[in-house]
Amino acid sequence: ESGDGDTVPLRELGQVVGSMHRVLGGDTRHPAFAPEEPSAEWMMLLGVDIDQHIQELFAALPDSPALAPLDGRREAVRALLDSLLRASSAGRLIRTHGDLHLGQVLRTAGGWVILDFEGEPARSMIERRRKRSPLRDVAGMLRSFAYAASAVQLQRGTAAPDEWEDRARRSFLAGYFDAVDPLLMPPESVAVEQLLAVFELEKAVYELDYEIHNRPEWAAIPVAAICHLLDEHEQ
């Protein structure tokens with residue numbers, strides 16, 4: 001598979017996640033699970049929420065060499081968010097896993113199993129039940145691949161295989177889009193990519209806030225993600 005053979009299991013994981021979203025968004029009889037069309041204000045409110053987190057994060061950034069790549073880039077990050085949102089559309093909103101990452105899945109002899117559907121513990125029950133874009137779950141898993149690749153270096157002093165994260169992303173997304181109901185997605189592939197980037201940015205901002213307060217030696221991981229998004233979309 002063009003060097004992607006070691007990530008075949010992640011393609012299978014993508015298929016399982018896509019199937020999960022197909023099921024979660026497939027019950028039109030039960031109001032709590034029926035997919036919904038987003039309101040006209042949905043994208044605006046999403047942007048306001050993420051922008052507030054960006055401003056709060058940058059206002060409290062400590063002086064640290066690990067954070068130096070973000071010096072003076074608050075407005076660039078806010079402009080990136082605005083640009084991504086303007087190029088995105090929402091697709092449908094469904095009940096999602098809410099806290100999806102590699103720590104929430106098991107690979108068994110029978111295939112992948114997804115665990116722990118309680119959502120993000122810090123959120124209220126009302127927030128956890130709120131319908132969201134399934135791409136938010138996808139972004140959580142993609143960010144988990146970045147952590148897996150970096151944690152090998154941090155914890156074991158060994159670099160991940162060359163381009164493993166990129167290959168993991170490709171395999172997972174290929175499996176996911178094979179399995180998910182396309183009606184849940186934004187109608188155009190560019191809009192899908194932009195909305196996914198919105199949620200990856202949201203995750204990276206959350207991660208950076210967490211790492212600063214809990215594992216400052218890991219802060220470089222979300223910093224790299226934010227800088228990558230900036231560089232990628234400034235080209």
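No experiment lies behind these values; they were computed from the predicted model shown. Values reported hereafter were calculated over all heavy atoms of this structure, with side chains retained and with hydrogens, waters and symmetry mates removed.
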Distance (rounded to the nearest 0.5 Å) between Glu193 CD and Ser88 OG: 10.0 Å

Main-chain N/O of Ile94 paired to Arg132 side chain as donor or acceptor, under 3.5 Å: no

Donor-acceptor contact below 3.5 Å, side chain Lys203 vs main chain Val198: no

Trp112 side-chain N/O to Pro9 backbone N/O, donor-acceptor pair under 3.5 Å: yes

Flag side-chain contact, heavy atom, 4.5 Å: Leu208 against Ile221: no

Flag, side chain of Ser124 to backbone of Glu127, donor-acceptor distance under 3.5 Å: yes

Sequence neighbours excluded, every pair satisfying salt bridge (charged side-chain N to carboxylate O under 4.0 Å, His left out) that has a member inside residues 134-148: Glu120-Arg136, Arg136-Glu202, Arg143-Glu207

Reported CD-to-NZ distance for the pair Glu36 and Lys131, which is rounded to 0.5 angstrom: 3.5 Å

Interatomic spacing from CG in Leu135 to CZ in Phe199 - rounded to 0.5 Å: 6.5 Å

Of all pairs that satisfy salt bridge (charged side-chain N to carboxylate O under 4.0 Å, His left out), the ones with a partner from residues 79-91, not counting sequence neighbours: Asp82-Arg86

Single-linkage hydrophobic cluster Leu142~Val152, side-chain heavy atoms < 4.5 angstrom: no

Side chain Arg22, main chain Ala179, donor-acceptor under 3.5 Å: yes

Distance in Å, Gln55 CD paired with Asp51 CG, rounded so as to fall on 0.5 Å steps: 4.5 Å

Transitive ILVMFWY cluster of Leu115, excluding itself - 4.5 Å side-chain cut-off: Leu106, Val113

Salt bridge (Lys or Arg N to Asp or Glu O under 4.0 Å) between Arg167 and Glu163, worked out: CA-CA 6 Å; Arg167 289 184 285 113; Glu163 299 184 352; 5.3 Å; no

Atom of Ala148, atom of Leu102 and distance for their closest heavy-atom approach: CB-CD1, 4.1 Å

Asp231/Arg73 under salt bridge (Lys or Arg N to Asp or Glu O under 4.0 Å): CA gap, chis, key distance, verdict: CA-CA 11 Å; Asp231 295 342; Arg73 303 189 80 177; 3.5 Å; yes

Heavy-atom pair of closest approach, residues Thr96 and Ser133: CG2-O, 4.0 Å

Ring pair (Phe, Tyr, Trp, His ring centres under 6.0 Å) partners of Tyr206, counting only residues at least two apart: none

Listed partners of Gln52 passing side chain to side chain contact (heavy atoms under 4.5 Å, CB included), at least two apart: Glu56

All pairs passing side chain to side chain donor-acceptor pair (under 3.5 Å) where residues 176-192 contributes a residue, at least two apart: Arg11-Asp178, His21-Tyr176

Leu45 side, atom CG; Ile50 side, atom CD1 - distance, nearest 0.5 Å: 11.0 Å

